[in-house]
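The structure presented is a predicted model; accordingly, all values stated were derived computationally and were not measured. For the numbers below, each heavy atom of this structure counts, side chains included, while hydrogens, waters and symmetry mates do not.
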Amino acid sequence: MPEIRPLPASDVSPSLCRDLAALPHEDLVRWACTLVESSDRAEVFVDDQWRIVFWSPRAAVMFGWSRDTVFGKGITQVVGMTAEAGRALRLRTGPAGTLLRETLSLRRAGGTRIDAMLSIHPLAADEHGRTGGALFTFQDDEASRVNQEFRKFFSAVDQSMVGALIADPDGFVEYANPRSAEMLGLSPVQLIGCSLFGRGEGPHAPGDCLGLLPEESMGQAEWRGDRQVTRDARPDLTLYVVLSGVRDAAGRLVNQVVLFEDLTERRALERAERQLRDSLAHTGRLAALGEMATTIAHEINQPLTAISNYSLGSLRRLRGGDLQPAPIVGALTEISALVTRAGAIVRNVRRMARQQPMAILPVDVDALFGQLLTMLRMSARDSDVAVELQCGLGGTRVLADETQLSQIVLNLARNGIEAMADVPEARRRLLVDVTPEAARESPVAARFTITDHGCGIADEHLDMIGTPFFTLKRDGLGLGLSITRTLLEAHGSRLEVRRNPPEDGGMSFSFTLPLVPDAPENPR
Amino acid sequence: MNPVRPIVYVVDDDRNVRQSIDFLLGVIEVDVRLHARAEEFLDHYQPGIPGCLLLDVRMPGMSGLDLQEAMRQQDIDLPIIFISGHGDIPMVVRTMQKGALDFLQKPFNDQRLLDLVQEGIAIDRTRRAERREEIIAGARFELLTPRERNTLELILRGMTNKEMAIALGISPKTIETHRARIMEKMQVDSLAGLMRAWQVIERLQARREGR
């Protein structure tokens with residue numbers, strides 16, 4: 001056994017140094033040898049020429065060479081480094097002769113490779129000033145990786161922006177990360193021992209119950225959902241909570257892991273965004289109504305004129321002593337029909353002017369088209385455009401916000417009508433049609449297409465279409481299409497713009513909406 | 001005397017407005033013809049019967065303004081009462097400049113409608129009578145010889161027979177004969193009657209030149 005000097009004092013605590021100094025030299029050597037021999041790392045001592053003078057049992061296991069076979073051989077050669085790599089390593093250890101934690105790919109006896117982390121510590125020079133060689137420590141990479149992974153995982157959990165709690169099978173917290181404590185308004189230490197559930201169990205007071213999980217999830221291995229949690233500091237806390245059980249090899253529940261995220265802010269943002277979109281839609285409708293004001297006034301004035309004529313004509317007859325009932329009855333019948341006509345227009349306008357939150361419900365497209373036709377005929381009247389609405393859904397309803405759907409169709413149709421102002425009258429035809437569209441899977445969508453035969457859109461403008469404040473109209477605001485696009489996105493759909501074949505001319509705008517699935521009593 | 005019933009034409013693309021006007025006009029003694037399109041009116045217009053036209057300004061296809069222009073080109077001299085909605089004022093102004101009788105804004109007062117219709121019919125009757133007068137006077141004037149026309153001109157200047165005889169270099173006797181022939185051909189029996197007939201001819205000539 002070669003003589004071994006103690007490690008540099010810098011590596012050992014002062015008290016340990018004192019204890020070691022008090023030991024007889026032989027004991028110290030034996031103690032050191034035991035320590036080195038029982039180490040779970042491969043410990044190798046080399047002389048100043050890096051020739052092996054000591055080869056620990058763990059080194060023998062790791063590299064597959066016995067102590068006898070390697071004694072006096074160069075370490076770099078034994079662990080399978082090329083002469084060049086050995087020289088490079090030597091250079092890198094530098095004058096101090098220290099190398100810390102370098103992972104190398106080395107060779108075992110028989111040629112298999114092993115990844116190991118190498119540290120080199122220089123040994124103190126002897127009294128003649130000669131270098132005392134070095135201690136090579138190889139650590140199996142597998143072990144170091146597990147160690148590192150665990151450390152990495154743990155620091156990730158600890159620093160995570162997600163609240164993390166680990167609880168025992170009964171739901172009492174054993175570990176809490178700082179973020180969870182922050183969200184719940186308690187310290188990590190206060191959280192230990194609290195119940196994940198709403199009701200206190202055993203020695204815990206109700207205040208110790210976090211209410212992160214509903215009672216019915218108790219004992220379940222998996223649960224996820226939104227939870228309203230009331231804490232003193234945060235009365236309106238909304239959390240998204242995920243529970244997963246950790247089981248041992250035998251399938252017994254050993255731990256419950258709960259991860260949760262604060263949704264309060266996100267919910268508030270979503271709400272604000274929804275309100276903004278609703279009010280944008282409303283503004284768009286008001287703008288459209290504003291543009292149509294003259295037309296609407298005219299359209300209401302027509303039945304009013306007729307009503308006035310019928311009533312004044314009736315009065316004149318009656319005052320003149322003409323008491324024949326037939327003409328008066330006819331006039332009154334006309335009047336009541338005209339009132340209905342005027343009322344329908346007023347209702348349409350009011351529906352468009354109303355500000356209301358978006359509500360996606362089944363919509364009967366046929367009925368909707370009936371109402372839209374009145375509005376569209378108004379727009380088309382002065383421009384001599386023939387408007388046609390075709391619904392090919394056969395009574396199946398679509399899922400949409402009815403007001404916004406009318407707004408989308410009306411916007412696109414009015415654009416189409418305006419685009420045809422300068423084409424010959426025979427070509428001024430606007431078609432709105434809806435056809436069922438088979439998707440890849442069983443649910444079927446309805447495709448709405450608005451086709452005009454107008455002047456079309458130039459290539460260089462096609463990309464700009466729907467950009468806020470971009471307009472091709474003389475007095476347009478450039479908001480109609482961008483609002484339309486926003487509303488469609490809120491419906492989970494998107495606007496598709498296509499140029500018609502040259503023989504037809506004009507553009508087609510289309511989008512899809514989901515159809516209401518068949519009612520259960522009417523299975524396919 | 002029971003003159004032929006005048007015709008009131010109503011041209012409006014809105015069926016309800018059209019029919020309600022028909023109902024309102026039912027209280028006066030007129031025939032009403034309803035047309036949805038301007039072209040339809042042109043096809044069915046009866047030139048021989050007096051009347052007037054109630055015409056909507058805003059219509060798809062040929063507008064009220066277009067029809068007014070077409071009537072001018074086709075020499076249809078029927079009084080037009082325009083019916084307009086809101087915001088049509090600039091158009092109405094143009095129709096008035098082009099000689100429309102008046103305009104009514106929807107919804108309109110029944111009395112005003114009836115008054116205007118009656119006024120339109122009356123104007124049309126007068127105009128037709130004047131036209132007839134002009135045609136007759138014109139035809140009679142055509143019967144005069146050049147010498148008689150010269151004489152007529154001088155009579156209208158207020159010359160005496162003697163002055164005319166000197167001016168034309170003929171005897172007062174011959175002037176006398178011309179004068180009698182003119183009165184006979186123009187079918188008048190006094191100088192006042194001759195003056196009136198001449199005014200009609202002047203009106204006819206002014207209108208012909210004006211075209």
Problem set entry | A:R316 CZ to B:Q111 CD distance, which is reported to the nearest 0.5 Å | 4.5 Å
Exercise. Above 12 or not: heavy atoms from other molecules or residues under 6.0 Å from CE of B:M96?
Worked result: yes
For this session: Output the option from A:S314, A:A337, A:G320 having the highest count of non-hydrogen pairs under 4.5 Å with chain B.
Result: A:S314
Problem set entry | B:V27 vs A:R317 side-chain heavy atoms within contact, under 4.5 Å | yes
Problem set entry | Neighbour count above 12 (heavy atom, 6.0 Å) for B:E142 CD | yes
Exercise. Can you tell me how far the CG atom of B:N109 sits from the OG atom of A:S308, to the nearest 0.5 Å?
Worked result: 8.0 Å
For this session: Tell me, with the steps shown, if B:D14 and A:R341 meet salt bridge (Lys or Arg N to Asp or Glu O under 4.0 Å).
Result: CA-CA 13 Å; B:D14 191 311; A:R341 173 180 154 187; 3.0 Å; yes
Exercise. What part of B:L114 is in contact with chain A, defined as an atom under 4.5 angstrom from a non-hydrogen atom: side chain, backbone, both or neither?
Worked result: side chain
For this session: Assess whether atom CZ of B:R72 is packed by more than 12 heavy atoms of other residues, nucleotides or ligands within 6.0 Å.
Result: no
Exercise. For B:R196, does the CZ atom sit with more than 12 other heavy atoms under 6.0 Å from it, leaving out its own atoms?
Worked result: no
Exercise. Which value, rounded to the nearest 0.5 Å, describes the distance between B:L104 atom CG and A:T305 atom OG1?
Worked result: 10.5 Å
Seminar exercise, completed: Rounded to the nearest 0.5 angstrom, the OG-CG distance for A:S311 and B:L24 is 9.0 Å
Seminar exercise, completed: Among B:L25, B:I21, B:N16, B:D13, the residue with the most heavy-atom pairs under 4.5 Å to chain A is B:N16
Problem set entry | Matching residue for B:S20 among A:L312, A:I307, A:N309 - test: side chain to side chain contact (heavy atoms under 4.5 Å, CB included) | A:N309
Exercise. What part of B:D22 gets closer than 4.5 Å to chain A, counting heavy atoms only: side chain, backbone, both or neither?
Worked result: neither
Exercise. For A:R429, does the CZ atom sit with more than 12 other heavy atoms under 6.0 Å from it, leaving out its own atoms?
Worked result: no
Exercise. What part of A:Q302 gets closer than 4.5 Å to chain B, counting heavy atoms only: side chain, backbone, both or neither?
Worked result: both
Exercise. Which atom pair, heavy atoms only, marks the closest approach of A:G313 to B:F23?
Worked result: C-CE2, 3.5 Å
